[in-house]
Amino acid sequence: MIASGVQGNSIMIDRKEASAALSDINDMVRRVRQSRIYDLASQFMVVAGVFVIAGNLATYIAPRYALYIWPSINVLTIVVSGVVSTFDSRRTGLRSFDFRVFVAFVLFYAFGLLCTGVLGHFGPRQMGTFWPIYFMLFYCIAGLWFGRALIYIGLGITVLTLIGYFFITTDLFLIWMAMVNGGGLILSGLWMRWGE
Amino acid sequence: MAELDDVIHQPLRLRIMAALNALPVSIGLEFSRLKKLTGATDGNLGAHIETLARAGYVAVDKAFVGKKPQTTVTATATGRGAFARHVATLQEIIAASEGDQ
């Protein structure tokens with residue numbers, strides 16, 4: 001077909017125009033998919049951010065209970081993420097939290113505990129640095145597939161965490177972590193939701 | 001060869017239909033989200049959604065979320081069918097021209 005335009009009631013287009021239209025369609029599908037992934041990721045980030053702030057502040061106030069605070073925080077993060085995702089799936093039609101996601105969380109924490117408690121005997125500061133960086137590693141990896149925003153967020157929070165580790169040597173490190181890790185996650189989540 | 005759908009063929013309407021068809025059945029997109037995705041202005045997007053709604057390709061649902069009005073656009077079964085045929089026709093045009101070469 002070489003003609004381009006409208007003939008009678010039917011539209012005539014050539015190969016180039018058809019290719020352009022298909023490419024436009026693929027681009028929209030990619031954008032919608034990314035938008036839905038960002039939407040979901042932003043919810044998880046806001047939930048995780050709130051709990052990270054709570055965990056760091058609680059540890060700052062009662063450092064002796066850190067051993068109870070952080071496992072509780074992690075369990076709560078998983079449970080609330082699951083609940084939020086279930087409610088949101090009615091709006092988006094996307095079921096994001098299933099058994100595989102739960103297993104992924106379990107493996108994530110199991111490997112982290114193996115590194116921090118068995119292979120290496122990390123102190124509170126090392127724990128407070130390792131977990132956010134470990135978490136952000138997965139953001140960066142996910143970003144390679146699902147959008148650069150996740151890479152920027154992962155790298156940004158990692159750098160800020162390391163700055164805190166090397167330069168804030170007092171207990172204020174926990175406040176710093178509440179701000180840059182917890183606050184960073186919340187702000188990044190909101191940015192992904194409204195700024196994409 | 002099947003004919004192209006002249007309602008869907010217009011570039012912005014094609015993008016709207018592509019976006020809505022990328023979602024599961026009965027799930028829609030808010031007007032503001034659709035505007036961001038397509039890069040259209042309010043007036044332009046509204047006019048083209050109306051054209052698609054008149055053709056029965058999309059359903060427009062206006063509701064209040066809190067005190068804010070929210071318009072959600074969803075592809076209908078007719079719209080999904082028409083879009084699938086339109087895409088198939090585009091693919092046929094490309095395949096036919098490859099055969100000619």
Side-chain angles (χ1 to χ4, degrees), chain A residues 1-43 85-98 145-149 189-196, chain B residues 1-30 32-40 45 48 61 63 65 70 72-75 80 82-101:
Chain A
M1 197 175 290
I2 51 164
S4 184
V6 179
Q7 226 177 54
N9 281 332
S10 62
I11 302 162
M12 307 283 285
I13 63 169
D14 61 17
R15 180 177 193 270
K16 205 174 156 188
E17 287 168 300
S19 293
L22 282 178
S23 147
D24 227 14
I25 290 168
N26 289 334
D27 181 53
M28 280 312 297
V29 171
R30 184 192 57 77
R31 281 179 177 204
V32 170
R33 197 168 293 162
Q34 191 178 56
S35 155
R36 281 155 59 81
I37 288 167
Y38 276 18
D39 208 18
L40 268 172
S42 72
Q43 284 174 24
S85 163
T86 304
F87 275 103
D88 201 59
S89 67
R90 290 176 196 165
R91 182 177 65 88
T92 60
L94 196 68
R95 272 191 65 84
S96 55
F97 201 93
D98 55 16
W145 279 270
F146 303 127
R148 276 174 292 180
L190 297 176
W191 169 65
M192 281 176 85
R193 171 157 287 216
W194 290 306
E196 29 123 3
Chain B
M1 185 182 289
E3 285 181 4
L4 287 168
D5 188 310
D6 57 352
V7 175
I8 296 178
H9 183 65
Q10 196 279 338
L12 180 54
R13 291 200 288 268
L14 181 77
R15 288 207 291 274
I16 295 168
M17 289 305 291
L20 297 176
N21 271 272
L23 299 167
V25 175
S26 83
I27 300 294
L29 278 173
E30 297 91 24
S32 55
R33 182 63 65 94
L34 205 46
K35 191 179 142 190
K36 261 186 202 168
L37 287 166
T38 56
L45 183 62
H48 285 293
D61 178 46
V65 177
Q70 192 177 69
T72 306
V73 187
T74 313
R80 283 180 182 271
F83 182 73
R85 284 191 296 278
H86 187 81
V87 171
T89 308
L90 290 172
Q91 287 164 341
E92 278 176 32
I93 291 168
I94 293 169
S97 72
E98 277 168 359
D100 291 344
Q101 284 171 358

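None of these values were measured; they are calculated from a predicted model. All chains are named by letter (A, B, ...) in the order of the sequence lines, taking the proteins before the strands, and each is independently numbered beginning at 1. Side-chain atoms are counted along with the backbone in the values below, which use heavy atoms only and exclude waters and symmetry mates.
- Applying the salt bridge (Lys or Arg N to Asp or Glu O under 4.0 Å) test to Asp24(A) and every residue at least two apart in sequence or in another chain returns Arg15(B).
- Here the closest non-hydrogen pair linking Lys36(B) and Arg31(A) is O-NH1, 4.2 Å.
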Discussion item. Assess the residue pair Ile13(A) and Leu90(B) against the criterion (side chain to side chain contact (heavy atoms under 4.5 Å, CB included)); give the C-alpha distance rounded to whole Å, side-chain angles, the decisive distance to 0.1 Å, and a yes or no.
Written reply: CA-CA 9 Å; Ile13(A) 63 169; Leu90(B) 290 172; 3.6 Å; yes
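- Every residue meeting the salt bridge (Lys or Arg N to Asp or Glu O under 4.0 Å) condition with Lys35(B), not counting sequence neighbours, appears here in chain and number order: Asp42(B).
- Ranked by heavy-atom pairs under 4.5 Å with chain A, the list Ser32(B), Pro11(B), Ala22(B) is led by Ala22(B).
- Atoms CD and CG, on Glu17(A) and Leu4(B) in that order, are 10.0 Å from each other to the nearest 0.5 Å.
- Between Met28(A) and Leu14(B), the closest side-chain pair of non-hydrogen atoms is not below 4.5 Å.
- Of the atoms belonging to Asp5(B), it is backbone heavy atoms, and not side-chain ones, that fall under 4.5 Å from chain A.
- With rounding to the nearest 0.5 angstrom, the NZ atom of Lys16(A) is 15.5 Å from the CD1 atom of Ile93(B).
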